[in-house]
Trainee: 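Starting off with a structure, shown below.
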Number of protein chains: 2
Amino acid sequence: MKTNDKMEKVNLNEKLSLFSEHWSPKIVGELNGQLVKLAKFKDEFVWHKHEHEDEFFFVVEGVLKMELRDKTIVVNKNEFLIVPRGTEHRPVAEGEAWIMLFEPAATLNTGNTENELTRHELDKI
Amino acid sequence: MKTNDKMEKVNLNEKLSLFSEHWSPKIVGELNGQLVKLAKFKDEFVWHKHEHEDEFFFVVEGVLKMELRDKTIVVNKNEFLIVPRGTEHRPVAEGEAWIMLFEPAATLNTGNTENELTRHELDKI
């Protein structure tokens, strides 16, 4: 019989209490080549896009304003937004927003834009 | 410029108010060949496994008891559990539990077990 010793549930608030940096996603799960990440957003990120990856943003707490080139979508707690590949976007949070992300393992947070906010190695927590 | 007319946020509670059936997942999003689904669980499902797909269960409301062959994991609101491929499991909910699922588009709800609970065609809501 297959044992399930490594299977553990994940509590979002517990994981979110382990870090305070902004714009620095942490890996909290992996499935089917996709990663589940948690991040804290505050103020403005950079404009970027992902050529080959769609991105899922679920708001755990706070408000996420997703700026697109032609409109802004305001995403509240218990709502999610999928940003399709190739779409330029800039996440903005007034105050702090806690976000659960679901995206391919290969996704770089700043997409096609590399700068001081780029995170190549993400912590697993 | 790419227009983003089709991009819309999804409110979990709004979508969950649109249906009442149990064990009948609805598609609410798609990304990278994976589907985001919402479902209402009540009482016991069937023992099954998915040979090639890992499954993500996030509890939006209520309590999910995930029975495994060697233990049971109780998943509360704002917690998630990833059930790896090949793992026999049976979801159980005392009362009603509202669940957000991430899984590959190919995933059948009852996995390797086909019975009256099997849903081949899922509604998009």
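Proteins get letters first, then strands, A, B, ... in listed order; numbering begins at 1 in each.
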Trainee: Is Glu14(A) in contact with chain B via its backbone, its side chain, both, or neither, using a 4.5 Å heavy-atom distance?
Mentor: neither

Trainee: Please lay out, stage by stage, how Glu67(B) and Lys65(B) fare under the test salt bridge (charged side-chain N to carboxylate O under 4.0 Å, His left out).
Mentor: CA-CA 6 Å; Glu67(B) 295 184 6; Lys65(B) 286 190 182 181; over 6 Å; no

Trainee: Relative to chain B, which of Val10(A), Leu81(A), Leu68(A), Val60(A) shows the most heavy atom pairs under 4.5 Å?
Mentor: Val10(A)

Trainee: Which answer fits Val74(A), side chain, backbone, both or neither, if we ask what part of it has an atom under 4.5 Å from a heavy atom of chain B?
Mentor: backbone

Trainee: Look at the rings of His48(B) and Phe45(B) and say which category their plane angle falls in: under 30° parallel, 30 to 60° tilted, over 60° perpendicular.
Mentor: perpendicular

Trainee: Can you tell me which of Leu31(A), Asn11(A), Asn32(A), Leu12(A) forms the most heavy-atom pairs within a distance under 4.5 Å of chain B?
Mentor: Asn32(A)

Trainee: Determine the option with the most heavy-atom pairs under 4.5 angstrom with chain B, choosing from Glu103(A), Lys15(A), Met100(A).
Mentor: Met100(A)

Trainee: Before giving the answer on salt bridge (charged side-chain N to carboxylate O under 4.0 Å, His left out), spell out for Glu21(B) and Lys40(B) the whole-Å C-alpha distance, their side-chain angles and the decisive distance to 0.1 Å.
Mentor: CA-CA 7 Å; Glu21(B) 315 98 278; Lys40(B) 293 183 176 180; over 6 Å; no

Trainee: Report which part of Ile73(A) has an atom under 4.5 Å of a heavy atom belonging to chain B: side chain, backbone, both, or neither.
Mentor: side chain

Trainee: Tell me which of these, Gln34(B), Glu55(B), Glu53(B), Met66(B), has more heavy-atom pairs under 4.5 Å with chain A than the rest.
Mentor: Gln34(B)

Trainee: Looking at Leu108(B), is its backbone amide N or carbonyl O close enough to the side chain of Thr118(B) to form a donor-acceptor pair, meaning the two atoms are under 3.5 Å apart?
Mentor: no

Trainee: Just to verify, which of Phe58(B), Phe56(B), Phe57(B) counts as forming a ring pair (Phe, Tyr, Trp, His ring centres under 6.0 Å) with Phe80(B)?
Mentor: Phe56(B)

Trainee: Output the distance between atom CD (Glu88(A)) and atom NE2 (His50(A)), rounded to the nearest 0.5 Å.
Mentor: 11.5 Å

